[in-house]
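In what follows, every chain begins at residue 1, and chains take the letters A, B, ... in the order their sequences are listed.
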Protein chains: 2
Amino acid sequence: MIDNNNKSKISVMLVDDHPMVQGGLTACLAFYDDIEIVGATDDGAEALSKAKELKPDVIIMDVSMPKMNGIDATEIISEQLPETRVLIFSMHDRPEFVRSAIDAGASGYVLKDTSSEEVYFAIKAVAKGNTHFSSSISKMLIENPMQADNERLTTREQVILSHVASGLSSKEVARKLDISFRTVDAHRRNIKTKLKVETLAELVRYAVNHGLIEKNK
Amino acid sequence: MIDNNNKSKISVMLVDDHPMVQGGLTACLAFYDDIEIVGATDDGAEALSKAKELKPDVIIMDVSMPKMNGIDATEIISEQLPETRVLIFSMHDRPEFVRSAIDAGASGYVLKDTSSEEVYFAIKAVAKGNTHFSSSISKMLIENPMQADNERLTTREQVILSHVASGLSSKEVARKLDISFRTVDAHRRNIKTKLKVETLAELVRYAVNHGLIEKNK
DNA sequence: TATTACCTACGTATTAATACCTAGTATAGA
DNA sequence: TCTATACTAGGTATTAATACGTAGGTAATA
């Protein structure tokens, strides 16, 4: 960005695959004369190239998008355009989505039921280098502290869990991974200890809710 | 509605709890001079009273809303305002959402990634008394025929399944429901036969995906 | 009256899961 | 070099799940 060029207005790029949401954001932000919509796209991959071209102050980014999701896009933008701030604008209020976004470098996270005014204030805050989270998001982050390192599942454990949650017995998982069924059992026990659960049903629910297994499969 | 009064314009009411979606719909439909937005609300319960007052030709209805969901609202509107058409406008593309909506009396179902033009055409179609479904919705309905009566779970079976899926053993479910664990086992076997699954993991996933158990619980 | 479906419950036999304990190898980090 | 972690794997014992078959009582429907 050229020094002092268009400095009084915050340039904003929209990245959302729902036409009505894009339209709604455009319409609502049009009321504020210190905000300028400089571009819009409906997928994360194109967002990257457009962001490099436009160098907006703020990007409003959805999470779920067809080609590249907003979290991955955010991570790359944070690396390649450190002066551009990303404000996540999403349906998803679960801790793992929010944490992924923060880890990827997002400066804020607001839910899609947020009022126009709050979206505007959030844009202003992140443009200044601050952060902004919906109050329910902040509350939820406080109530669900980050899992300790020793409570995270290793890669192998995730693989074991996804198979078990899909319905395979320990023997079937063992055969599939070419390991002993005792090894599978040992992993299951470790996984249960880490996740503080006791039953297979709880393991399955964790896997479904954390995207370790495809829905409707 | 008074005969011939304002007949050339289709009156439309918006029911969606996302301000940007409401804003986007309003903005996009403003381009069409044969459509008039006569009201908007963000919850299904208020939608009922406003609909009786305004008697719109078409209601654009979200599904997930805080106080009353769009399906329940649709059902009541279909009964009490038979000349008002409901067009569902939703994130959810799973068969059970779509079927619930149709059963409730909705005249159409479009997904939130639908273009402005298609939303406009859908409104026109349902205002005329036709139906309109996103092409992916139509395709999915064809591929997932309604379950036969003998494949639906009875009330008791759903209760058994929700307990089992929450992690209780057959003995624990038996104790909780004051029945024999043999009875629980018999139900489990019947449920598996009906759902065409073989393992507890598959039962749990069904329960999670069909809302028989709370997410993140 | 006969049939069907739902809910209930039992016995027998086999397999799977689980708990507990123990332990070797490889790799990374202090 | 030592320690910790991850991944691996074994034995023993107990409990749970599962399969198969059987069957009674109640209510609804033809």
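Taking atom NE2 of B/His187 as the reference point, atom C1' of C/dA9 lies 10 Å away to the nearest angstrom. Between B/Glu198 atom CD and D/dA19 atom P the separation is 7 Å, expressed in whole Å. When rounded to the nearest whole Å, the span between CD of A/Glu172 and C1' of C/dA17 equals 13 Å. Look at CG on B/Leu168: it is 13 Å from P on D/dA16, rounded to the nearest Å. Rounded to whole Å, the distance from CG on B/Asp178 to P on C/dA9 is 8 Å. Per the geometry, CD1 belonging to A/Ile179 stands 16 Å off P belonging to D/dA6, to the nearest Å. Summarising the geometry, the separation between CG on B/Asn190 and P on D/dG21 is reported as 14 Å, rounded to the nearest angstrom. Put simply, CG on B/Leu203 is 12 Å from P on D/dA17, counting in whole angstrom units.
Heavy atoms of other residues, nucleotides or ligands lying less than 6.0 angstrom from CD of A/Glu83 number 12 at most.
For A/Arg182, the side-chain atoms get nearest to D/dG10 when compared with the rest of D/dG10, D/dT8, C/dC10. Taking the side chain of A/Thr154 as heavy atoms from C-beta on, and the options D/dA16, D/dA6, C/dT8, the nearest nucleotide is D/dA6. Across C/dC7, C/dT18, C/dC6, the shortest atom-to-atom separation from the side chain of A/Leu200 is found for C/dT18. Across C/dC7, C/dA9, D/dC7, the shortest atom-to-atom separation from the side chain of A/Arg156 is found for D/dC7. Closest to the A/Glu157 side chain, of the nucleotides D/dA9, C/dT8, D/dC7, is D/dC7.
As judged by a 4.0 angstrom heavy-atom cut-off over every strand, B/Thr183 is placed among the base-contacting residues. Contact annotation for B/Asp185: base contact, defined as any heavy-atom pair under 4.0 Å involving a base atom.
Applying the 4.0 Å criterion to OP1 and OP2 of D/dA16, one finds that B/Ser170 has every side-chain N and O outside that range. Phosphate contact (OP1/OP2 of D/dT18, side-chain N/O of B/Lys192, threshold under 4.0 Å): present. At the phosphate of D/dA19, neither OP1 nor OP2 sits under 4.0 Å from any side-chain N or O atom of B/Arg189.
In this structure the side chain of B/Ile76 reaches within 4.5 angstrom of the side chain of B/Met68, judged on heavy atoms. Inter-residue side-chain proximity for A/Thr84 and A/Ile59 is flagged as met; some heavy-atom pair is nearer than 4.5 Å.
Looking at which nucleotide of DNA chain C each of A/Arg188 and B/Ile160 is closest to, the 5′-most match is held by B/Ile160.
Only one option out of A/Ile160, A/Leu195, A/Val159 pairs with A/Leu153 in a side chain to side chain contact (heavy atoms under 4.5 Å, CB included); it is A/Leu195.
Taking both residues in full, the closest heavy atoms of B/Ala201 and A/Ser166 are given as CB-C, 4.4 Å, listed atom of the first, atom of the second, then distance.
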